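Notes follow once the structure below has been shown.
On a predicted model such as this, the values are computed, not experimentally measured, just so you know.
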Amino acid sequence: MAFPEPKPKKPELPKKLVSTWECKQGAVRAVRFNVDGNYCLTCGSDKSLKLWNPHKGTLLKTYSGHGYEVLDAAGSFDNSQVCSCGSDKTVVLWDVATGQVIRKFRGHAGKVNCVQFNEEATVIMSGSIDSSVRCWDCRSRRPDSIQILDEAKDGISSLRVSDHEILTGSVDGRVRRYDLRAGELYSDYIGSPITCVCFSKDGQCTLAASLDSTLRLLDKDTGELLGEYTGHKNVAYKMDCCLSERDTHVGSCSEDGKVYFWDLVEGSLAASLPVSNSAVQSLSFHPTEACLLTAAEGLVQLWREESYVVEEGPPA
């Protein structure tokens, strides 16, 4: 006799501030969970990249090799490598364990805003203020990029990669999706400069944040507008947006120092987290749990669901 499946828990939002730590790397430009959510990377205005255990707030390693601010970073699927990019126009591939630079890729004509690995971590995609996305082969010794996507008419602000697609957001107000299997380019015009794009977890939708203080949920295949989310402030800075781990809520940084969450279906405001007195620079949602990292000025904060109990460590 088969027992009925337990009823899934109601999705909770990470509203409880569990820990705050100072990164000591100037302003934190981006904070990023790794693939399994056990570690995170912080990108600093002091040219450094740092690897942390966010659940304990412990620094594991510092990576130095950029010539200017680090703006984005991503870890590989097996956590052995990290790629990062910055205002020095370079993309850097690092060995996680040794902290050494494996490769430096040069070719962009301006600062590089965003960087992502493909699924196998054999190719790095980078988007730059020079309006291009470049693809770099991690295994080849060739110094130049293997492909350049230059359809955008203005800087690339955000980039996401799925198993067969590249999603880009540009200051020209367009979300572009490159279907690598079909060799097709799909473009949706939003109108306002786009600051962040992401895929939903189920791969059916895309979310775009833009400088008119609006998030838009689009059907990935048709480009149909499924939802609009407003209430936060985003008119001047590049701000991160995200979907929660089960696609139930939409989240965004805001220039008023808060992080806002909306119910994905209803569009109603579900929560606002008081993060900082200044603009929230970056956020990263845990891949599988109700857990959020936020970065504002030089601080990173870890938020969990309200039912979360902090594990007490052994007494020192």
Side-chain angles (χ1 to χ4, degrees), residues 12-66 69-84 86 94-99 115 239-242 244-245 251-254 257-261 271-316:
E12 284 194 90
L13 281 174
K15 298 181 190 174
K16 179 170 159 181
L17 179 59
V18 177
S19 63
T20 302
W21 71 92
E22 194 175 350
C23 295
K24 297 191 171 66
Q25 52 187 147
V28 178
R29 295 293 178 215
V31 59
R32 300 283 180 253
F33 269 118
N34 74 328
V35 180
D36 54 21
N38 293 334
Y39 304 101
C40 75
L41 294 157
T42 55
C43 308
S45 61
D46 70 346
K47 314 177 196 173
S48 75
L49 179 69
K50 290 187 177 181
L51 177 69
W52 304 82
N53 177 335
H55 307 290
K56 294 183 177 154
T58 48
L59 175 64
L60 303 172
K61 208 160 193 72
T62 301
Y63 302 87
S64 305
H66 273 285
E69 288 192 324
V70 187
L71 297 176
D72 196 14
S76 63
F77 70 97
D78 60 358
N79 295 326
S80 67
Q81 295 178 334
V82 165
C83 60
S84 62
W94 308 84
D95 182 281
V96 167
T98 64
V115 68
M239 295 261 167
D240 285 343
C241 63
C242 68
S244 63
E245 85 284 10
S252 173
C253 296
S254 176
K258 294 186 178 132
V259 167
Y260 288 84
F261 279 100
S272 63
L273 311 180
V275 175
S276 171
N277 295 324
S278 61
V280 184
Q281 285 271 326
S282 178
L283 57 75
S284 183
F285 210 98
H286 193 287
T288 55
E289 295 173 22
C291 178
L292 178 76
L293 286 171
T294 56
E297 299 175 314
L299 300 175
V300 170
Q301 296 177 320
L302 178 72
W303 304 77
R304 300 289 312 224
E305 68 273 28
E306 287 175 295
S307 59
Y308 177 76
V309 179
V310 181
E311 290 173 26
E312 295 295 333

Those residues that, when tested against R304, pass salt bridge (charged side-chain N to carboxylate O under 4.0 Å, His left out) (two or more places apart)
E289

Salt bridge (charged side-chain N to carboxylate O under 4.0 Å, His left out) filter on E297, not counting sequence neighbours, yields none

So does K61 pair up with D95, basic N to acidic O under 4.0 Å?
no

Apply side chain to side chain contact (heavy atoms under 4.5 Å, CB included) to Y63 and V96, showing your working.
CA-CA 9 Å; Y63 302 87; V96 167; 3.6 Å; yes

Calculate, to the nearest 0.5 Å, the distance between atoms [atom1] and [atom2] belonging to [X] and [Y] respectively.
X	Y	atom1	atom2	result
C83	L49	SG	CG	9.5 Å
Q25	S48	CD	OG	4.0 Å
L17	L302	CG	CG	8.0 Å
R29	S45	CZ	OG	5.0 Å
W52	C23	CH2	SG	4.5 Å
S244	E12	OG	CD	12.0 Å

Of all heavy-atom pairs between [X] and [Y], which one has the smallest distance, and what is that distance?
X	Y	answer
C40	L293	CB-CD1, 3.5 Å
C291	H55	SG-CE1, 4.1 Å
P14	L273	O-CD1, 3.4 Å
A296	V275	CB-CG1, 4.2 Å
D72	R32	OD1-NE, 2.9 Å
D240	S282	OD2-OG, 2.6 Å

Are there over 12 heavy-atom neighbours, none belonging to N277, within less than 6.0 Å of that residue's CG?
no

Answer yes or no: does atom CZ of F33 have more than 12 heavy-atom neighbours from other residues, nucleotides or ligands under 6.0 Å?
yes

Side-chain heavy atoms of [X] within contact of [Y], under 4.5 Å:
X	Y	answer
C43	L71	no
S307	K16	no
L51	V82	no
C253	Q281	no
L59	W21	no
V70	K50	no
F261	L292	yes
Q301	T20	yes

Is it true that the side chains of T58 and N53 contain a donor and an acceptor less than 3.5 Å apart?
no

Mind checking whether W94 and H66 have parallel, tilted or perpendicular rings, split at 30° and 60°?
tilted

